[in-house]
Amino acid sequence: MPELPEVETVRRGLESAVVGRRICEVEVRGHRTVRRQTPAELKRRLTGRRFEAARRRGKFLLLGLDDGAVLVIHLRMSGQLLHVAGGAERPELAKHTHVLVSLDDGAQLRFVDPRTFGEWFVSCDIDGRGIPRELCHLGRDPFLEGLPASYLVPRLERRRASLKALLTDQRVVAGIGSIYADEICFRCSLRPDRPGGSLDSTEVTLLAGAVQTVLNEAIRSHGSSLTDLGYRDLEGDLGTYQESHCVYGRATEPCVRCGHPITRLKIGARSAYCCEWCQR
DNA sequence: AGCATCACCTGGCTGC
DNA sequence: TGCAGCCAGGTGATGC
């Protein structure tokens, strides 16, 4: 569930909490979080290193190390990073804590992930832009690089796939998931099941603008925290953008624009929420 | 190449 | 109340 705004909020937390800190000890407790390399290799590559930067690409967190390698973290559905300050009273480990990183200021970085889809790995293969080779398939990150309509046009034209499928395709745009895809489609009044290739140039321009607007607003609200899988930031605080959701999870409620009820569509195996009255 | 479908996983919800 | 069954979701693999 964490998408670009939530991951950006966590990144900002990491920038102030762990950049400049040295890693004293790494404990991998779950057997599924580290799967591209052995836990022993991850520990070897991290222990003794210092975090030099906290970056993000799409939904991936990138923690630069002082030897040039990068710790890559993906929260997937239910992953949560928590910063626990050093000192006397340290809270007990939450259930499903899969990775523990102890830092030289006594603090701990904890990775909690009930659904175990989240992933950690260290990449040593970094391109000129600082992006690990494993992430070279990612499309443009709209918050880092902007999203001009001219970028979207060739990626939508002649495509039969739905707008929602294309917006959540990380090779097209990096960072959008189910929640923000629905909110973006509502914002520009386009149905999420419209084939990508059916948009005219005016509609693509509206879509590109809506991507930027919705993501920027959500980042300002520190992301969305839903009741299921409550997302929290690095310090355990909730985001507030769920209060501004217009369609996601609001089936049968009146549309904030026209008052007609929001409907839930099935696009592939996933649901999509929209107002069939004012989204065309 | 592009598109659809499935597997992965657990907590929470629904209905019996 | 207890339990079975379903749903949610991102990504990568698989199949058409």
Side-chain angles (χ1 to χ4, degrees), chain A residues 1-8 10 29-37 56-62 72-81 94-99 111-121 123 131-139 141-142 152-185 192-199 215 218 223-232 239 241-242 245 247-252 262-273:
Chain A
M1 185 193 348
E3 304 180 26
L4 191 154
E6 291 78 26
V7 180
E8 174 63 19
V10 173
R29 300 158 58 88
H31 64 285
R32 283 184 42 82
T33 304
V34 182
R35 39 191 189 258
R36 296 196 198 207
Q37 55 206 179
R56 180 192 57 75
R57 181 119 200 131
K59 302 172 196 168
F60 290 85
L61 286 164
L62 308 176
V72 181
I73 300 175
H74 197 302
L75 306 173
R76 292 281 191 111
M77 290 295 303
S78 59
Q80 194 183 341
L81 271 178
K95 200 178 169 186
H96 307 296
T97 301
H98 301 316
V99 187
F111 184 64
V112 183
D113 185 16
R115 291 185 192 173
T116 71
F117 286 1
E119 188 181 10
W120 285 43
F121 64 92
S123 176
I131 298 169
R133 180 186 49 80
E134 293 87 345
L135 308 187
C136 66
H137 65 285
L138 292 179
D141 184 299
L152 282 180
V153 167
R155 288 164 179 83
L156 297 186
E157 66 186 0
R158 287 190 288 277
R159 298 291 300 267
R160 281 179 294 132
S162 68
L163 213 42
K164 177 152 184 176
L166 293 167
L167 282 174
T168 56
D169 183 339
Q170 304 301 295
R171 295 166 300 183
V172 176
V173 186
I176 298 173
S178 192
I179 296 172
Y180 294 107
D182 287 358
E183 294 300 320
I184 287 164
C185 288
D193 55 355
R194 276 274 294 275
S198 72
L199 272 62
L215 295 178
S224 304
S225 294
L226 301 170
T227 48
D228 179 33
L229 300 174
Y231 150 80
R232 288 170 184 271
Y241 195 66
Q242 65 282 1
H245 289 179
V247 285
Y248 182 82
R250 297 197 175 274
T252 75
I262 300 301
T263 51
R264 187 168 87 160
L265 309 173
K266 278 282 176 196
I267 299 180
R270 308 290 189 217
S271 7
Y273 298 89

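Residue numbers begin at 1 in each chain, while the letters A, B, ... track the order of the sequences. The structure presented is a predicted model; accordingly, all values stated were derived computationally and were not measured.
Take Arg155(A) and apply the salt bridge (charged side-chain N to carboxylate O under 4.0 Å, His left out) test, not counting sequence neighbours, and it matches no residue. For Gln37(A), the side-chain contact (heavy atoms from CB on, under 4.5 Å) partners are Val34(A), Glu41(A), Leu42(A), Arg45(A), Phe121(A), Val122(A), not counting sequence neighbours. With sequence neighbours excluded, the residues forming a salt bridge (charged side-chain N to carboxylate O under 4.0 Å, His left out) with Arg194(A) are Glu203(A), listed by chain and number. A search for salt bridge (charged side-chain N to carboxylate O under 4.0 Å, His left out) contacts involving Lys59(A) returns nothing, not counting sequence neighbours. In this structure Leu167(A) satisfies the side-chain contact (heavy atoms from CB on, under 4.5 Å) test together with Ile176(A), Ala181(A), Ile184(A), Cys185(A), Leu207(A), Val211(A), sequence neighbours excluded. For Asp193(A), the side-chain contact (heavy atoms from CB on, under 4.5 Å) criterion is met by Arg191(A), Leu265(A), Ile267(A), not counting sequence neighbours. Listed by chain and residue number, Asp125(A) satisfy the side-chain contact (heavy atoms from CB on, under 4.5 Å) test with Arg133(A) (two or more places apart in sequence, or in another chain). In this structure Arg264(A) satisfies the salt bridge (charged side-chain N to carboxylate O under 4.0 Å, His left out) test with no other residue, sequence neighbours excluded.
Remark: the backbone N or O of Arg57(A) is not paired with any side-chain donor or acceptor of Asp141(A) at under 3.5 angstrom. With hydrogens and angles ignored, the 3.5 Å screen pairs no side-chain donor or acceptor of Arg159(A) with any backbone N or O of Leu166(A). A donor-acceptor distance shorter than 3.5 angstrom exists from the side chain of Gln170(A) to the backbone of Thr168(A), with no hydrogens or angles considered.
Listed pair Arg35(A) / dG12(C) fails the phosphate criterion, with no side-chain N or O lying under 4.0 Å from OP1 or OP2. Put simply, His96(A) has a side-chain N or O that comes within less than 4.0 Å of OP1 or OP2 on dG11(B). Residue Gln170(A) has a polar side-chain atom (N or O) positioned under 4.0 Å from OP1 or OP2 of dT11(C). Put simply, Lys266(A) has no side-chain N or O that comes within less than 4.0 Å of OP1 or OP2 on dA4(B). The side chain of Lys95(A) contributes no N or O atom lying less than 4.0 Å from OP1 or OP2 of dT10(B). Distances shorter than 4.0 Å separate some side-chain N or O of His74(A) from OP1 or OP2 on dT11(C).
Heavy atoms of Arg155(A) sit nowhere under 4.0 angstrom from any nucleic acid atom. Residue Ser271(A) is classed as a sugar-phosphate contact, given heavy-atom separations below 4.0 Å to backbone atoms only.
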Pick out the pairs of N or O atoms, protein on one side and nucleotides 14-16 of chain C on the other, that lie under 3.5 Å.
none

Give me the distances for all protein-to-nucleotides 6-9 of chain B N/O pairs that come in under 3.5 Å?
residue : atom : partner  : partner atom : Å
dC8(B)  : O3'  : Arg32(A) : NH1          : 3.4
dC9(B)  : OP1  : Arg32(A) : NH1          : 3.1

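One atom, CG of Asp169(A), and another, P of dG10(C), lie 12 Å apart when rounded to the nearest Å. dA1(B) atom P lies 17 Å from atom CD of Glu157(A), rounded to whole Å. Rounded to whole Å, atom C1' of dA8(C) lies 13 Å from atom CD of Glu3(A). Following rounding to the nearest Å, Leu138(A) (CG) and dG10(C) (C1') show an atom-to-atom distance of 12 Å. We find that OH of Tyr273(A) is positioned 10 Å from C1' of dC7(C), with the value rounded to whole Å. Protein atom CE of Met77(A) is 15 Å distant from nucleotide atom P of dG12(C), rounded to whole Å. For the pair Leu226(A) CG and dG10(C) C1', the interatomic distance rounds to 15 Å; values are reported in whole Å. One can place CD1 of Ile267(A) at 14 Å from P of dC3(B), the figure rounded to the nearest angstrom.
In the region residues 176-183 of chain A, proximity to DNA chain C at under 4.0 angstrom, judged on heavy atoms, holds for Gly177(A), Ser178(A).
A donor and an acceptor atom, one from each side chain of His98(A) and Thr116(A), are nowhere located under 3.5 Å apart.
Between the two ends of the helix from dG2(B)-dC16(C) to dC16(B)-dG2(C), each summarised by a five-pair axis, the helix axis turns through 50° (rounded to 10 degrees).
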Determine, step by step, whether Tyr241(A) and Ser225(A) satisfy the side-chain contact (heavy atoms from CB on, under 4.5 Å) criterion, reporting the C-alpha distance in whole Å, the side-chain angles of both residues, the deciding distance to 0.1 Å, and the verdict.
CA-CA 7 Å; Tyr241(A) 195 66; Ser225(A) 294; over 6 Å; no

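In terms of heavy-atom proximity, Tyr180(A) sits nearest to Glu6(A) at OH-OE2, 2.6 Å.
Counting only heavy atoms from C-beta outward, the side chains of Glu119(A) and Arg36(A) approach each other to under 4.5 Å.
Closest to the side chain of Ala161(A), out of dG10(C), dC3(B), dG11(B), is dC3(B).
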